[in-house]
Amino acid sequence: ASELIIAKGGDFSNAWQLYKAYPNSEDVLAAINIQKEYQLSFWDAMIVQSALSCACRVLYSEDLAHGQVIKDLKIVNPFLAEIDDSLFLG
């Protein structure tokens, strides 16, 4: 299960949502399936699965394929793309 924590303070108080994720055996099995289907390393697949289980829509990573969509999660390399602020605002 995940617990939602809203960031407090600063200009980002309404824009950032932080999640504390506690992976379980279902997450590990889902990561293995993602690993096989998308040909990722296990640990990259675990990161993707953690983001999915926290209902993230975008994962910023310079290590994964920019523009790739894994299930409902879009991979964005922040060094290659202009960041769309709408991704942060519900």
Side-chain angles (χ1 to χ4, degrees):
S2 300
E3 176 184 343
L4 172 65
I5 300 173
I6 304 297
K8 305 270 187 226
D11 293 331
F12 300 103
S13 62
N14 292 324
W16 292 92
Q17 293 182 345
L18 303 176
Y19 291 85
K20 289 182 2 183
Y22 304 100
N24 57 34
S25 58
E26 291 175 9
D27 290 318
V28 172
L29 294 175
I32 291 169
N33 288 332
I34 291 169
Q35 176 188 19
K36 290 177 183 177
E37 183 175 348
Y38 294 93
Q39 299 181 355
L40 300 176
S41 74
F42 171 75
W43 296 111
D44 285 344
M46 243 346 252
I47 291 168
V48 168
Q49 175 54 33
S50 294
L52 288 167
S53 70
C54 290
C56 294
R57 295 181 297 164
V58 178
L59 175 62
Y60 292 94
S61 172
E62 62 183 306
D63 296 323
L64 298 173
H66 176 70
Q68 182 176 18
V69 177
I70 300 175
K71 301 186 185 266
D72 293 327
L73 183 68
K74 182 175 182 177
I75 308 301
V76 174
N77 182 331
F79 301 109
L80 297 178
E82 182 149 335
I83 304 303
D84 180 358
D85 289 338
S86 69
L87 297 172
F88 294 110
L89 306 171

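Nothing fancy with the numbering, it's 1 onward along the sequence. On a predicted model such as this, the values are computed, not experimentally measured, just so you know.
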### Task
Not counting sequence neighbours, which residues clear side-chain contact (heavy atoms from CB on, under 4.5 Å) with E26? List them please.
N24
### Task
Could you tell me the separation between the CZ atom of F42 and the NZ atom of K36, rounded to the nearest 0.5 Å?
11.5 Å
Give a yes or no on whether [X] and [Y] share a hydrophobic cluster (residues Ile, Leu, Val, Met, Phe, Trp, Tyr; joining criterion: side-chain heavy atoms under 4.5 Å apart).
| X | Y | value |
| --- | --- | --- |
| L73 | V58 | no |
| L64 | Y38 | yes |
| L59 | L40 | yes |

[X] and [Y]: which non-hydrogen atoms are nearest, and at how many Å?
| X | Y | answer |
| --- | --- | --- |
| M46 | A31 | SD-CB, 3.5 Å |
| P78 | S61 | CD-N, 3.9 Å |
| S50 | S53 | O-OG, 3.0 Å |

### Query
Are side-chain N/O atoms of Q49 and D27 paired as donor and acceptor at under 3.5 Å?
yes
### Query
Remaining members of V69's ILVMFWY cluster at a side-chain heavy-atom cut-off under 4.5 Å?
none
### Query
Would you say H66's side chain and V76's backbone share a donor-acceptor pair under 3.5 angstrom?
no
### Message
Quick check: do K71 and I34 have side-chain heavy atoms less than 4.5 Å from each other?
### Response
yes
